[in-house]
Amino acid sequence: MTVTVRLAAPLRAAAGGNTTIDFDATDLPQLASEIADRYPELAARVLRDGTFGRFVNVFIDGEDARFLAESDLRGKRTVEILPAMSGGAVAPLPERARREEHEVYGSFIDETIGIVARQTRDTVSFAVGSPSREALDLVGADDLAATVLRREGATALGYGVTEGEPDLRDVIASAARERGVAADASAVLVSAGALQAIDLACRVYLRAGDVVVAESPAFANALSAFRNHGARVLEVPVDGEGLDVAEAARRIRKLGIRPRMFFVVPNFQNPTGETLSLERREALLELAASHDAVVVEDDPYAALRYRGDHLPPLAALGGAEIVSIGTFSKTFLPGLRVGWVIAHTDVIARMSRAKQTMDSSTGTLAQRIVLEFHRRGGAHAHIGRLRDLYREKQDRARAALARELAGTGIAWNDPDGGFYFWVRLPRHVSARALLDVALEEGVAFVPGDAFAIDADHANALRFSISAPTPDRIDEGVRRLRRAFDRIA
């Protein structure tokens with residue numbers, strides 16, 4: 001019997017940063033035992049002598065467990081654990097555990113993959129921002145891999161250079177120059193996806209207590225990376241022009257802080273789909289330079305523009321220290337885990353040393369498959385096919401949302417590219433509560449509060465159009481409307 005445990009914000013750090021966790025338990029004593037086994041730090045905060053202590057309140061499907069005649073969880077969906085407030089404090093973590101363990105933050109985005117995978121009913125997933133099956137089939141991965149192995153044999157399966165395959169670094173640098181970024185191969189490091197590149201930037205630039213200015217809502221995995229490296233995150237709102245740079249400057253002045261890093265997804269931002277305007281790009285670089293801070297530009301969606309003109313990368317504008325991060329995951333094969341960093345050669349050297357303690361080098365076979373694809377000369381045409389594919393999906397989603405959600409008070413934005421719509425529910429409707437019902441109706445998304453630390457995005461959700469087919473998009477939005485009608 002699977003039950004979802006929902007944790008209040010003060011307890012999440014003790015569970016790896018998770019907001020919800022699934023357990024197989026038939027009653028509260030068994031649930032307490034499972035928590036003790038799987039999450040000892042959480043158990044130290046919520047259990048005493050193997051049972052839930054008086055310093056937490058437990059609700060089973062919204063009912064206070066103290067007033068229930070039995071602790072049976074069969075047929076129940078959710079258990080909420082909240083601190084019993086006493087001056088706003090939760091039970092202190094024992095000193096020994098504090099010495100031996102530290103908080104580690106994860107991502108509810110990735111957790112949704114498991115949630116959807118565990119569904120026994122047919123589920124339309126708007127939750128995962130990954131390429132569609134059709135897009136992956138366009139690549140011809142089997143032939144690419146076979147060609148590399150036939151030509152290079154065991155060489156393609158051995159260790160590689162930490163900075164990456166030299167020819168692939170040339171390909172990445174050449175593509176950057178086409179976008180106006182002055183780069184050669186020496187300024188490129190090939191990473192195991194964009195996430196490793198973000199982590200490398202954290203290792204090189206951040207020390208415990210440093211401040212990172214980030215978008216709100218923001219890419220959840222990046223927020224966790226900053227926190228795992230001991231940084232403090234200043235969340236600044238995103239609007240129709242991307243990060244509100246003027247508001248960032250106001251908050252920095254008000255708090256009297258000196259940021260070490262600014263982190264932005266400038267094009268079709270994850271999760272809102274918004275794009276940082278040219279005026280704000282220039283203002284951001286000026287603000288960062290005034291604080292001697294680095295700007296980390298994570299740009300996985302730039303090629304996936306369906307309307308309007310491309311904007312120059314921040315690295316092409318200059319004016320501040322910039323680290324540019326990219327990936328082949330959104331436009332090629334995400335499972336290969338091949339991304340890159342472009343930065344000053346001194347920074348690349350430091351990242352290379354840090355990477356040597358992580359994985360020595362990005363997978364050689366994966367790099368050579370990417371390189372073979374580019375050597376065949378079809379990369380630009382492939383991007384064009386992807387734009388057509390995802391443009392149709394975005395158009396279909398835009399029409400489905402307008403048709404099915406009319407009159408509900410639900411609103412959404414209108415991005416010019418990428419994978420996401422940012423959907424705002426009426427103020428009284430929680431996206432977390434909607435997700436529980438939506439899964440019963442056979443549709444999934446990521447609730448908005450997964451993309452923040454303290455900022456309130458509880459009544460918003462990320463709606464990704466990339467994975468479902470157009471017909472499935474229509475069906476998924478119909479299911480979403482049914483779910484909404486059940487709780488509105």
Side-chain angles (χ1 to χ4, degrees), residues 109 112-142 268 270-273 300-301 303-307 329-335 381-408 410-425 431 434-448 460-488:
I109 302 175
T112 57
I113 298 173
I115 291 173
V116 174
R118 287 191 295 270
Q119 298 304 302
T120 56
R121 61 178 60 81
D122 170 64
T123 302
V124 179
S125 179
F126 299 118
V128 182
S130 62
S132 65
R133 177 61 185 269
E134 312 99 284
L136 300 181
D137 288 341
L138 288 173
V139 170
D142 52 350
F268 320 122
N270 182 1
T272 67
Y301 307 100
L304 299 177
R305 174 176 284 277
Y306 319 133
R307 303 180 302 191
S329 293
K330 306 302 181 185
T331 57
F332 189 53
L333 297 172
H382 177 68
I383 294 296
R385 290 191 291 270
L386 293 183
R387 289 190 189 118
D388 291 341
L389 173 68
Y390 293 128
R391 180 186 296 110
E392 179 188 1
K393 292 188 178 195
Q394 191 191 68
D395 289 345
R396 194 73 164 257
R398 189 181 292 112
L401 291 168
R403 181 179 63 250
E404 302 295 339
L405 302 183
T408 61
I410 300 174
W412 53 92
N413 60 348
D414 191 19
D416 290 331
F419 287 170
Y420 312 113
F421 287 89
W422 187 241
V423 178
R424 292 179 176 84
L425 305 172
L434 178 60
L435 178 61
D436 290 339
V437 179
L439 290 171
E440 295 177 1
E441 293 289 347
V443 61
F445 53 82
V446 183
L461 60 93
R462 189 187 76 173
F463 181 99
S464 175
I465 55 91
S466 61
T469 63
D471 288 345
R472 293 279 285 173
I473 288 173
D474 288 344
E475 175 59 24
V477 179
R478 283 194 290 269
R479 296 178 185 184
L480 183 62
R481 174 60 189 267
R482 289 201 300 268
F484 177 81
D485 286 343
R486 287 175 55 185
I487 70 168

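Because the structure is predicted, anything quoted here is derived from the model rather than measured. Heads up: numbering here begins at 1 and tracks the sequence.
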Arg391/Asp395 salt bridge by N-O under 4.0 Å criterion: no

For the student: nearest non-hydrogen atoms of Leu138 and Arg385, plus distance: CD1-CB, 4.3 Å

Parallel, tilted or perpendicular: ring planes of Phe268 versus Tyr306, cut at 30 and 60 degrees: parallel

Closest non-hydrogen atom pair, Gly476 against Val443: O-CG2, 3.5 Å

Minimal non-hydrogen separation, Arg387 against Arg305, with atom names: CD-O, 3.3 Å

Interatomic distance, Ile383 atom CD1 to Thr331 atom OG1 [nearest 0.5 angstrom]: 4.0 Å

Presence of salt bridge, Glu475 and Arg478, under 4.0 angstrom: yes

Side-chain heavy atoms of Tyr420 within contact of Pro271, under 4.5 Å: no

Check against salt bridge (Lys or Arg N to Asp or Glu O under 4.0 Å), Arg481 and Asp485: CA-CA 6 Å; Arg481 174 60 189 267; Asp485 286 343; 2.9 Å; yes

Residue pair Asp474, Glu404: steps toward the side chain to side chain contact (heavy atoms under 4.5 Å, CB included) verdict: CA-CA 9 Å; Asp474 288 344; Glu404 302 295 339; over 6 Å; no

Rounded distance [0.5 Å steps], CD in Glu441 versus OG1 in Thr123: 11.0 Å

Least distance between heavy atoms, Val477 atom then Ala400 atom: CG1-O, 3.5 Å

Straight-line distance of Leu401 CG to Phe421 CZ, nearest 0.5 Å: 6.0 Å

Asn413 side chain to Arg424 side chain, donor-acceptor N/O pair below 3.5 angstrom: no

Check ion pair Asp122-Arg472 (N to O, under 4.0 angstrom): yes

Full working for side chain to side chain contact (heavy atoms under 4.5 Å, CB included) between Phe484 and Val437: CA-CA 8 Å; Phe484 177 81; Val437 179; over 6 Å; no

Other residues, nucleotides, ligands: >12 heavy atoms within 6.0 Å of Arg403 CZ: yes

CD1 on Ile410 to CG on Leu405, rounded to 0.5 Å: 4.5 Å

CA sep, side-chain torsions, deciding dist, call: Asp388, Lys393, salt bridge (Lys or Arg N to Asp or Glu O under 4.0 Å): CA-CA 9 Å; Asp388 291 341; Lys393 292 188 178 195; over 6 Å; no

Leu461/Val446 under side chain to side chain contact (heavy atoms under 4.5 Å, CB included): CA gap, chis, key distance, verdict: CA-CA 6 Å; Leu461 60 93; Val446 183; over 6 Å; no

Non-hydrogen atoms of Leu435 and Ala444 that approach each other most closely: CD1-CA, 4.3 Å

Side-chain atoms of residues 124-132: list all donor-acceptor pairs with protein atoms under 3.5 Å, sequence neighbours left out, distances to 0.1 Å.
unit_1	atom_1	unit_2	atom_2	d
Ser125	OG	Ala127	N	3.2
Ser132	OG	Glu134	OE1	3.2
Ser132	OG	Ala135	N	3.2

For the student: nearest non-hydrogen atoms of Ala402 and Trp412, plus distance: N-CZ2, 3.5 Å

Validation row: Leu136, Pro334 side chains within 4.5 angstrom (heavy atoms): yes

Ring pair (Phe, Tyr, Trp, His ring centres under 6.0 Å) between Tyr390 and Phe419, worked out: CA-CA 8 Å; Tyr390 293 128; Phe419 287 170; 5.0 Å; yes

Euclidean distance, Ser466 OG relative to Leu304 CG, rounded to 0.5 Å: 9.5 Å

Chi angles and distances behind the salt bridge (Lys or Arg N to Asp or Glu O under 4.0 Å) call for Arg307, Asp414: CA-CA 11 Å; Arg307 303 180 302 191; Asp414 191 19; 3.3 Å; yes

Atom pair CD (Glu440) and CZ (Arg121), whose distance is rounded to the nearest 0.5 Å: 6.5 Å

Side chain to side chain donor-acceptor pair (under 3.5 Å) partners for Glu392, two or more places apart: none

Passing option when Arg396 is tested against Ile465, Asp471, Thr469 for side chain to side chain contact (heavy atoms under 4.5 Å, CB included): Asp471

Audit row: Arg462, Phe445, side chain to side chain contact (heavy atoms under 4.5 Å, CB included) steps and yes/no: CA-CA 6 Å; Arg462 189 187 76 173; Phe445 53 82; over 6 Å; no

